[in-house]
Amino acid sequence: MPPSYTDDQIVYAVRDGLIIPAQLDRMAQGMIDLVNKTRAAMSIDNYRFDVDAHDEVAHQAAIESIVMLKNDDAILPLNADPVANPSATPQKIAVIGEFARTPRYQGGGSSHITPTKMTSFLDTLAERGIKADFAPGFTLDLEPADPALESEAVETAKNADVVLMFLGLPEAAESEGFDRDTLDMPAKQIALLEQVAAANQNVVVVLSNGSVVSVAPWAKNAKGILESWLLGQSGGPALADVIFGQVSPSGKLAQSIPLDISDDPSMLNWPGEEGHVDYGEGVFVGYRYYDTYGKVVDYPFGYGLSYATFEIADVAAAKTGANTATVTATVTNTSDVDAAETVQVYVAPGKADVARPKHELKGFTKVFLKAGESKTVTIDLDERAFAYWSEKYNDWHVEAGEYAIEVGVSSRDIADTVAVALDGDGKTQPLTEWSTYGEWEADPFGAKIVAAVAAAGEAGELPKLPDNAMMRMFLNSMPINSLPTLLGEGGKKIAQFMVDEYAKLSK
């Protein structure tokens, strides 16, 4: 029996005499490969991994994942941590939201794992001796609001200097096995936020969600917003470090936050029909669509605030090969706070043979700077940074021409733009009578033949092609075997001349 076969569009594989779907076969092979990779470590006698060291890795990863979206009136950082701010008068803090006590630290379904430790935000406050009043406010489900929990939360907020509201998506709202049909958070949480904000105007919202949620409808009720995603087992300490100023937030959005779900191009095809969904956006996914078509977004791709301020200057790009370049820039911390900034490099192609986004992120680097410090960063761009996948060549293709190099801190906050001219990869397709006149002009051999046709026309050896904008537009888009349609017998002579000359030049 062959190693694989197809039946009714399902690909099957044969393994050890068993016939199984190929997708399951690949999953099984992946698990086997993973076991083999860990075999050496697991073979060590009495091997034990360092739980605390691993937890610290999770802690640092969580810190760098937190994105500060809003910080009006410098409401953050708070000064209630006696270790971080021993001389400051502690603020009275209210913590509202069940996520602070029962963190949603991982995704749903088969992504579930058992953590070695689990430290919530409330656990961290207790460990660090930070006082705060807590009210759960709501339950972690999609059930209606509980008036008693809401009333308790509002009363707790009234007596605080600052309210930390932990909001987000319960697991029932996003998991594998189903698609979200809204970007909104549960209505009961938004209603509670409105009630709390009416009682206390100093509100900081801390979000827990696996993917983007709408912010614009409720942002007016919060002076500060932290997008913390799903922070893992050490999310509590990471949030405390950022909220109380032991570290400055440095995360950047990996997704644009749109104003409305209908602004996204996927909505033209989702949820599909008759059991099929077309991925019709092509390369125009996320910021590539929003930025190319000038869609207003709430927060752009790559966005993220800091307790520090930065300046990017001296941006330069130098060609390092036919289709490669290196980008340099000087980054300065212009504040009195030690912090990190992520420098982002976007490539914007010029005129192309295919539809390409306005720009695409092709490199980035995070640089930590002490207050007032400057550093020069370097980001190399290889050939793939300028290429697109070509159906015609069935390969990656770099067109010759000028490319803009944009350096900034988000897809819509570009500090400077420089240009680099590339040679292109020289890929060509064989020309035939079915190739358009425009394709002949763009080809190295074809361009010489087009010039020869023009010269022969001037000499009276071939019919002279019409030389006006309208006719050129038709010529450039039509196969040369259609020239007789425009020029009769003379067009046939021109097409035959071009094909014959190409055969000679391309030998």
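- Within 6.0 Å of NZ on K131 lie no more than 12 heavy atoms contributed by other residues, nucleotides or ligands.
- The aromatic rings of W396 and W389 sit perpendicular, their planes meeting at an angle over 60°, well past the 30° parallel limit.
- In this structure, D161 CG and I75 CD1 are separated by 10.5 Å, a value rounded to the nearest 0.5 Å.
- Here CG of D179 is found 13.0 Å from OG1 of T182. Values are rounded to the nearest 0.5 Å.
- The 12-atom threshold is exceeded at NZ of K220, counting heavy atoms of other residues, nucleotides or ligands nearer than 6.0 Å.
- To the nearest 0.5 Å, the span separating OG1 on T320 from CG on L381 amounts to 8.0 Å.
- In this structure, a donor-acceptor pair under 3.5 Å is present between the side chains of E174 and S211.
- The number of heavy atoms from other shown groups lying within 6.0 Å of NZ (K117) is above 12.
- Salt-bridge formation is detected for the pair D425/K427: a Lys NZ or Arg NE/NH1/NH2 atom is positioned less than 4.0 Å from an Asp or Glu carboxylate oxygen.
- The shortest distance between side-chain heavy atoms of E176 and S110 falls below 4.5 Å.
- Here the CZ atom belonging to R101 is positioned 9.0 Å from the CG atom belonging to L140, to the nearest 0.5 angstrom.
- Taking CG of D123 as the start and CZ of R128 as the end, the distance is 11.5 Å to the nearest 0.5 Å.
- A heavy-atom distance below 4.5 Å is found between the side chains of R288 and E360.
- Nearest heavy-atom pair, G236 versus T124, reported as atom, atom and distance to 0.1 Å: C-OG1, 3.2 Å.
- With no hydrogens or angles considered, a side-chain donor-acceptor pair links T326 and D380 at under 3.5 Å.
- A 6.0 Å sphere centred on CD of Q201 holds no more than 12 heavy atoms belonging to other residues, nucleotides or ligands.
- Heavy-atom neighbours of K362 NZ from other residues, nucleotides or ligands within 6.0 Å: above the threshold of 12.
- Here the OG1-CG distance, from T332 to L369, works out to 7.5 Å after rounding to the nearest 0.5 Å.
- Annotation: F301 is in aromatic contact with Y287 [ring centroid separation under 6.0 Å].
- Ring planes of F121 and F244: parallel class, angle under 30° (limits at 30 and 60°).
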